[in-house]
Every structure is written in C-alpha cells, then in structure tokens.
Amino acid sequence: QVQLVESGGGLVQPGGSLRLSCTASGDFRALRMGWYRQAPGKQRELVATIPSGSGGSTDYADTVKGRFTISRDNAKNTVYLQMNSLKPEDTAVYYCNAFGARSGSSPGYYWGKGTQVTVSS
C-alpha cells in the first residue's frame with residue numbers, strides 16, 4: 001500500500017517561512033510529485049509539481065511564483081516545499097500528491113492526508 005506522509009506545517013507570521021516535506025513509502029516509484037492546497041470554502045488548487053528526472057517541467061501556481069520552491073530527493077522518495085514570504089492568503093491545508101506506480105501495477109495518483117499551514121499575526 002502506498003502512503004504519503006507530510007510534515008512541516010504549522011503557524012507562522014506573515015513574511016515568515018515554512019518547509020513542508022512529504023515521503024512516499026510502500027515500494028513506490030513516483031514519476032511526478034507535488035503539492036496542492038485547499039483553503040476553507042475553496043476548491044483544492046495546484047501549488048507546485050516536479051518531475052522525477054530531467055525530463056518535464058517544474059510548475060508553480062502564479063500566486064506562489066518567486067516565493068515557493070519545490071524540490072525532491074528521488075533516493076528518499078521525498079518532495080519538499082520551501083515557502084518564503086508567506087501571506088495570510090497562503091493559509092490552507094496542504095496536500096502532497098504523487099503520480100507513480102508500485103512494482104507490477106499501473107500508475108495512479110495518490111494523496112497524503114494533508115498538513116495545516118496557518119499564516120497569521
């Protein structure tokens with residue numbers, strides 16, 4: 001069974017920084033990993049995604065470009081989201097997402113349970 005375990009959320013003041021981590025376990029080869037977020041009363045939206053290798057592009061939502069940086073460690077099956085210059089509107093539950101496959105299985109999408117990020121003074 002594939003599990004995505006997130007960590008690093010919390011409460012931070014405007015202008016502050018947080019770093020989220022997400023590790024995929026369960027004999028899983030992630031082809032693409034990323035972060036989505038959902039604020040109260042809003043739909044879940046893409047934050048950033050990153051491919052496993054040199055092919056493909058790293059994508060960011062316009063609202064986070066220049067402030068957030070996504071990176072990954074393929075050896076650890078882990079994706080990170082460095083969030084700087086945080087704003088109150090970044091407050092949301094952040095979900096890790098992975099597209100990949102277990103040995104002998106077709107690829108599919110997997111989600112973590114989410115980690116709360118609150119930006120408030």
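We're numbering straight along the sequence, starting at 1.
Across all their heavy atoms, Asn74 and Ser52 have their closest contact at ND2-O, 2.6 Å. The minimum heavy-atom distance linking Pro14 with Ser120 is given by the pair CD-C, 3.6 Å. Closest of all the heavy-atom pairs between Cys22 and Leu4 is SG-CB, 3.9 Å. Closest non-hydrogen pair, Leu46 versus Ala48, comes out as CD1-N, 3.8 Å. Heavy-atom minimum distance, Val117 versus Gly9: CG2-CA, 4.2 Å.
Side-chain contact between Pro51 and Thr58: present, with at least one pair of heavy atoms (C-beta onward) separated by less than 4.5 Å. Arg44 is listed as a side-chain neighbour of Trp111, based on a closest heavy-atom distance under 4.5 Å. Contact of the Ser17 side chain with the Gln82 side chain is registered, since non-hydrogen atoms from C-beta on lie closer than 4.5 Å. Glu45 is listed as a side-chain neighbour of Arg37, based on a closest heavy-atom distance under 4.5 Å. The shortest distance between side-chain heavy atoms of Gln38 and Tyr94 does not fall below 4.5 Å. Side-chain contact between Asn77 and Ser25 is absent, with no heavy atoms from C-beta onward closer than 4.5 Å.
Between the side chain of Arg67 and the backbone N or O of Ser85 there is at least one donor-acceptor pair closer than 3.5 Å. When atom types are taken as modelled, the side chain of Thr63 and the backbone of Ala61 share no donor-acceptor pair closer than 3.5 angstrom.
Within 6.0 Å of the CD atom in Gln1, the count of heavy atoms belonging to other residues, nucleotides or ligands does not exceed 12.
Put simply, CZ on Arg32 and CZ on Arg72 are 9.0 Å apart, with the number rounded to the nearest 0.5 Å. Atom CG in Leu81 sits 8.0 Å away from atom OG1 in Thr69 (nearest 0.5 Å). Rounding to the nearest 0.5 Å places CD1 of Ile70 at 5.5 Å from CD1 of Ile50.
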Return a table of donor-acceptor pairs under 3.5 angstrom between the side chains of residues 95-110 and protein atoms on other chains or two or more places apart.
| unit_1 | atom_1 | unit_2 | atom_2 | d |
| --- | --- | --- | --- | --- |
| Asn97 | ND2 | Tyr110 | O | 3.4 |
| Ser103 | OG | Asp27 | OD1 | 3.3 |
| Ser103 | OG | Asp27 | OD2 | 3.1 |

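Both Val47 and Val79 belong to a single network of hydrophobic side chains, linked directly or stepwise wherever heavy atoms of I, L, V, M, F, W or Y lie under 4.5 Å apart. At a threshold of 4.5 Å between side-chain heavy atoms, the hydrophobic network of Ile, Leu, Val, Met, Phe, Trp and Tyr places Met33 and Tyr36 in two separate groups. Transitive grouping of hydrophobic side chains (ILVMFWY, heavy atoms separated by less than 4.5 Å) keeps Leu86 and Val93 in distinct clusters. Under the 4.5 Å side-chain contact rule for hydrophobic residues, Trp35 and Phe28 do not share a cluster.
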Test Leu20 against Thr115 for side-chain contact (heavy atoms from CB on, under 4.5 Å), laying out the working first. CA-CA 9 Å; Leu20 305 182; Thr115 184; 4.1 Å; yes
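Annotation: ring-ring contact (aromatic ring centres under 6.0 Å, His included) contacts involving residues 57-90, sequence neighbours excluded, are absent.
Between the side chains of Thr91 and Thr118, not a single donor N or O lies within less than 3.5 Å of an accepting N or O.
The pair Lys65-Asp62 meets the salt-bridge criterion, with a side-chain N (NZ, NE, NH1 or NH2) lying under 4.0 Å from an Asp/Glu carboxylate O.
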